Q: 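Pasting in a structure now, in structure tokens, and then I'll have a few things to ask.
Just so it is clear, the structure is predicted and the values come from calculations on it, not from any experiment. Residue numbers begin at 1 in each chain, while the letters A, B, ... track the order of the sequences.
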Amino acid sequence: MDRTGIAPRLRHAEHVMGTVVSFDVPAWAGGPDGALGAAVRWLHRVDATFSPFREDSDVSRHGRGALALADCAPELAEVLAACAAVTEASGGYFTVTPGGGLDPSGYVKGWAIERAAAMLTAAGSAGHSVNGGGDVRCAGARGDGQPWRVGIADPLRPGVLALVVTGRDFAVATSGNAERGSHVIDPHTGRPAAGLASITVTGPDLGLADAYATAALAMGPDGCGWVAARCAEDGYQALAILPDGSMRHTPGFTARLP
Amino acid sequence: MRRVILAVTGTVAGLVALLSFKSHSPAIPAVTTSGTGMSSSPSSGGPQGSAGPAGQGFATGAVGAVPAGERAVTGQVAGTAYGPVQIQLLMRSSTIVKVTILKQPSSTIHDLQLGQFAFPRLISETLTAQSARIDAVSGASYTSQGYIASLQSALDTRT
């Protein structure tokens, strides 16, 4: 710890899980045996276990009936149980079989980042952020002691921020159609979800925020109302950006604004 | 100086993003070209003449002498789906006063239209990201490739 004021920081970008995970951590967390390295190794283990794109992952093998759940990594049962709860809460708009085969990615990425951030906290970090391809978990305060500031990308104007949210311990997940095309399918119609350019969900847990954002995007214009009705009591809020650039948000979302 | 380099990186990266995302935009004003593939100008006689970046010194073609009190910062050549792109910024203090396209995709009129449309907006976009003082960016998932052009990658490389 630098006793003169701001402690040295370390930034790290790790290519894993089909995206890049960006870390902002105290500098002491670096090094081969540091907390950052442990968090990175965890993410690669999640990738190997949960990737639907790897033939030999537990998810792929379990999905095609080649591996019993009891023989999979123990985290798979935990993840599938959490996913089932979101599927029920969302009336089926969130599903672990979005393309037919088993693919819990809509929860796993946020869940894995949540765990990585918790590992850093457990190792003694009083402030860090972990951004997994646009899903962000902030913990404690940033290096200068101030709340974290997370920019929400404008889905209609690449490279531009639509707004900024702030806070100390919170998660921010955004689902949208900006970069990968219409990748969220409405499971009730089998067609790409329309109606929202993007939806951002904030809350205490990034896994749930990620899954809620996926479900709410598939719901379209009703997505914000669903978050307000079913998720707000647990601390989740949402902001949706519509194709015309207008915004809708849950009543409590304004507490996140600077 | 670090900020300036970041601005160049961000602008070039942003351009790549725009070229990737705006390829089907129907509302881009038409332009005529001089045929060299390097310089272009807004077409005369149409309402699109007003679409230029008034007051921002947007220019194409070879850069001239650098005025006193300003400095030129040249970005790296960025490969895009439409061909190589390279820009040069003229900076006064920490403000971008002019953007010059050193190299841009020139194979079709459509590419030049994209260039005309993209650069003026990128100036404000780069400054917007700088002034927001953010720590991270939340948005629709990016791939490993998309990360390179993302605002988050610019944040990760700052000091």
Side-chain angles (χ1 to χ4, degrees), chain A residues 9 11-13 15-24 105 109 129-138 142-143 146-155 157-166 171-180 183-184 197-198 200-202 209-210 213 217 258, chain B residues 2 6-25 27 78 80-81 87 114 117-159:
Chain A
R9 305 292 296 179
R11 292 174 183 277
H12 176 75
H15 287 254
V16 62
M17 299 193 295
T19 183
V20 174
V21 179
S22 304
F23 291 85
D24 180 340
S105 301
K109 189 173 71 166
S129 72
V130 188
N131 184 354
D135 294 332
V136 185
R137 181 61 159 87
C138 299
R142 65 184 198 184
Q146 295 299 306
W148 296 97
R149 296 170 58 87
V150 178
I152 308 300
D154 185 335
R157 296 181 296 162
V160 181
L161 302 177
L163 72 162
V164 175
V165 294
T166 71
V172 189
T174 299
S175 282
N177 298 314
E179 180 161 331
R180 284 179 171 169
H183 70 288
V184 172
S198 75
T200 296
V201 175
T202 63
D210 195 2
L217 183 70
Chain B
R2 181 72 196 178
L6 175 61
V8 175
T9 307
T11 303
V12 172
L15 169 69
V16 175
L18 270 176
L19 287 174
S20 302
F21 292 127
K22 287 294 175 185
S23 56
H24 303 298
S25 177
T80 77
I87 62 167
L114 287 170
F117 180 71
F119 282 110
R121 261 200 3 198
L122 280 166
I123 297 170
S124 62
E125 285 166 9
T126 302
L127 298 177
T128 299
Q130 277 181 358
S131 60
R133 293 181 293 109
I134 53 168
D135 304 297
V137 178
S138 179
S141 304
Y142 39 73
T143 60
S144 281
Q145 279 192 318
Y147 166 80
I148 296 165
S150 72
L151 288 173
Q152 183 64 45
S153 75
L155 291 174
D156 291 343
T157 52
R158 76 185 176 180
T159 55

Q: In terms of side-chain geometry, is the basic nitrogen of A/R149 or B/D135 positioned less than 4.0 Å from the acidic oxygen of its partner?
A: no
Q: With side-chain hydrogen bond (donor to acceptor under 3.5 Å, both in side chains) as the test, pick out the partner of A/T174 among A/D135, A/D210, A/T200, A/T202.
A: A/T200
Q: Please report the closest heavy-atom contact between A/G132 and A/T19, naming both atoms and the distance.
A: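 Smallest heavy-atom distance, with atoms named: C-CG2, 4.4 Å.
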Q: For the CD1 atom of B/I134 and the CH2 atom of A/W148, what is their distance to the nearest 0.5 Å?
A: 12.5 Å
Q: Counting only non-hydrogen atoms closer than 4.5 Å, does A/A213 touch chain B with its backbone (N, CA, C, O), its side chain (CB onward), both, or neither?
A: neither
Q: Is chain B contacted by the side chain of A/S22, its backbone, both, or neither, given a heavy-atom distance below 4.5 Å?
A: both
Q: Between A/A153, A/G151, A/A162, who has the most heavy-atom pairs with chain B when the cutoff is under 4.5 Å?
A: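 The answer is A/G151.
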